[in-house]
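Everything on this sheet refers to the single structure shown next.
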Amino acid sequence: MPELPEVETVRRGLAPAMEGRAIAGVDLARGDLRFPFTPGFAKRLKGRRVLALRRRGKYLLGELDSGETLLMHLGMSGSFRIDHAAPIGEPYIPRGRNPAHDHVVFRFEGGARVTYNDPRRFGFMLLLTAKERETHPLLAGLGVEPLGEGLDADALARMFDGRAAPLKAALLDQKNIAGLGNIYVCEALHRAGLSPLRAARTLVSGGKPSAALKRLAKAIKDVLQQALDAGGSTLRDHHLTDGSLGYFQHSFRVYDREGAACPKKGCAGTIARVVQSGRSTFHCPVCQK
DNA sequence: CTGTGTTCCTGTTCGC
DNA sequence: TGCGAACAGGAACACA
């Protein structure tokens with residue numbers, strides 16, 4: 001369930017269960033997810049305290065009292081579940097719906113557990129040293145945080161200048177902007193009135209951003225912030241750490257709405273679906289230019 | 001270097 | 001109801 005608003009919502013849900021708490025043990029149900037777990041993963045985590053749980057793009061980063069960083073990515077289908085400590089004398093009973101895909105259990109001192117479930121196993125977890133935290137290619141190449149100061153029209157102009165790739169691909173590229181995924185790229189482009197098929201470089205002239213790029217920068221920030229305020233989007237009954245559901249999916253204007261009327265005021269267009277680099281793009285061919 | 005297609009894996013939905 | 005095909009929120013990798 002993983003674009004920036006969903007990952008940030010997960011972070012906020014997990015933080016109270018993890019921050020300031022010591023890991024009593026880690027149970028791995030297998031040796032790998034998308035990648036093998038870092039050698040000694042469980043052993044090195046045992047006894048460590050989580051100082052803070054942060055987010056960078058779509059990554060979660062647990063900062064440990066050892067100076068190491070627990071790097072986690074949810075892939076397409078990863079989710080966390082919190083099981084609070086059972087009352088004294090009562091047995092621990094996991095309440096996950098699909099225990100076959102519970103791959104990692106963090107047991108915290110005091111009895112609470114955080115369980116990672118991931119049917120498709122596109123997610124992964126790595127344990128990075130303080131040095132690797134700064135140099136690891138997965139993190140070092142990440143682009144700007146879209147909700148931070150780093151994203152504005154000038155930054156977009158630098159990313160797009162001379163680039164022949166379509167806007168859809170340029171915005172999905174995590175080396176440009178960290179945290180956008182298929183849904184929010186489609187939504188932001190519709191809000192900005194820009195075609196996902198348009199070459200990125202056509203929005204830059206002489207290194208300077210066009211008016212459209214300013215709209216795009218604002219549309220990206222707006223849609224992400226609104227999704228965050230709604231607790232993210234919930235597809236296929238995916239639930240949050242506390243079992244609740246995000247509800248931004250009800251606010252989609254184009255995503256998964258092929259054949260529907262364009263929601264833009266005064267636009268008579270119909271939402272179309274096209275495939276770009278193997279992935280569905282939803283857009284209005286009439287008002288997105 | 002740049003842009004595109006393939007691939008990893010399982011589960012759900014859709015058309016017949 | 002069953003059954004195969006298509007598709008799914010990501011992104012590393014191979015290749016032209």
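In what follows, chains are A, B, ... by sequence order, proteins preceding strands, each numbered from 1. As the structure is a computational prediction, the values presented were derived from the model and not from experiment.
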Proximity to the side chain of Arg120(A) - top-ranked nucleotide from dG9(C), dG11(B), dC9(B): dC9(B)

Nearest-angstrom distance from the residue atom CD1 of Ile177(A) to C1' of dG10(C): 16 Å

Salt bridge (charged side-chain N to carboxylate O under 4.0 Å, His left out) against Asp65(A), all qualifying residues, sequence neighbours excluded: Arg48(A)

Per Arg273(A) side chain, nearest of listed nucleotides dC7(C), dT10(B), dC8(B): dC7(C)

Sidechain N-carboxylate O distance under 4.0 Å for Glu3(A), Lys58(A): no

Contact under 4.0 Å: His101(A) side-chain N or O vs dG11(B) OP1/OP2: yes

Integer-rounded Å distance: dC9(B) P and Phe124(A) CZ: 16 Å

Whole angstrom value for the distance that separates P of dA11(C) from NZ of Lys175(A): 10 Å

Atom-pair distance (CZ on Arg279(A); C1' on dC7(C)), nearest Å: 11 Å

Could you list the protein-to-nucleotides 3-7 of chain B atom pairs, N/O on both sides, closer than 3.5 Å?
residue: dG3(B); atom: OP1; partner: Ala164(A); partner atom: N; Å: 2.7
residue: dG3(B); atom: OP1; partner: Ala165(A); partner atom: N; Å: 3.2
residue: dG3(B); atom: OP2; partner: Arg163(A); partner atom: NE; Å: 3.0
residue: dG3(B); atom: OP2; partner: Arg163(A); partner atom: NH2; Å: 2.7

Sugar-phosphate only, base, or nothing, as touched by Leu172(A) at under 4.0 Å among non-hydrogen atoms: nothing

Spacing of the P atoms in dC3(C) and dC9(B) (rounded, Å): 25 Å

Could you pull out every donor-acceptor pair under 3.5 Å between side chains of residues 212-222 of chain A and any protein atom, sequence neighbours left out?
residue: Arg215(A); atom: NE; partner: Ala192(A); partner atom: O; Å: 2.9
residue: Arg215(A); atom: NH2; partner: Ala192(A); partner atom: O; Å: 2.9
residue: Lys218(A); atom: NZ; partner: Asp222(A); partner atom: OD2; Å: 2.6
residue: Lys221(A); atom: NZ; partner: Pro146(A); partner atom: O; Å: 3.2
residue: Lys221(A); atom: NZ; partner: Gly148(A); partner atom: O; Å: 2.8
residue: Lys221(A); atom: NZ; partner: Leu151(A); partner atom: O; Å: 3.2

Pi stacking test for Phe122(A) and dG10(C): under 5.5 Å apart, planes under 30°: yes

Side chain to side chain donor-acceptor pair (under 3.5 Å) pairs, two or more places apart, involving residues 249-259 of chain A: none

Interatomic distance where NE2 belongs to His73(A) and C1' belongs to dA11(C) [whole Å]: 7 Å

Residues which pass salt bridge (charged side-chain N to carboxylate O under 4.0 Å, His left out) with Asp152(A), listed by chain and number, not counting sequence neighbours: none

Side chains of residues 155-171 of chain A: which donor-acceptor partners sit under 3.5 Å, not counting sequence neighbours?
residue: Lys168(A); atom: NZ; partner: Asn182(A); partner atom: OD1; Å: 2.7
residue: Lys168(A); atom: NZ; partner: Ser280(A); partner atom: O; Å: 3.3
residue: Lys168(A); atom: NZ; partner: Thr281(A); partner atom: OG1; Å: 2.6

Protein-nucleotide distance (Arg121(A), atom CZ; dG9(C), atom C1'), rounded to Å: 18 Å

Touch class at under 4.0 angstrom, heavy-atom based, for Tyr255(A) against every strand present: sugar-phosphate

Connected hydrophobic set around Leu51(A), excluding itself, where side chains approach under 4.5 Å: none

Hydrophobic cluster partners of Leu138(A) (side-chain heavy atoms under 4.5 Å): Phe35(A), Tyr59(A), Leu61(A), Leu71(A), Phe124(A), Leu126(A), Leu128(A), Leu139(A), Leu142(A)

Within residues 17-41 of chain A or reaching into it, pairs that qualify as salt bridge (charged side-chain N to carboxylate O under 4.0 Å, His left out) - sequence neighbours excluded: Asp27(A)-Arg107(A), Arg30(A)-Asp32(A)

Side chain to side chain, Val286(A) and Cys262(A), heavy atoms closer than 4.5 Å: no

Members of residues 54-61 of chain A that approach DNA chain C, where some heavy atom sits under 4.0 Å away: Lys58(A), Tyr59(A)

Listed once per pair and sorted, the ring-ring contact (aromatic ring centres under 6.0 Å, His included) pairs that draw on residues 137-159 of chain A, sequence neighbours left out: none

Consecutive-pair stems (3 or more, Watson-Crick or G-U, under 3.5 Å) for DNA chain B: B:2-8 with C:10-16, B:10-16 with C:2-8

Cluster link Leu33(A) to Leu28(A), ILVMFWY, side chain under 4.5 Å: yes

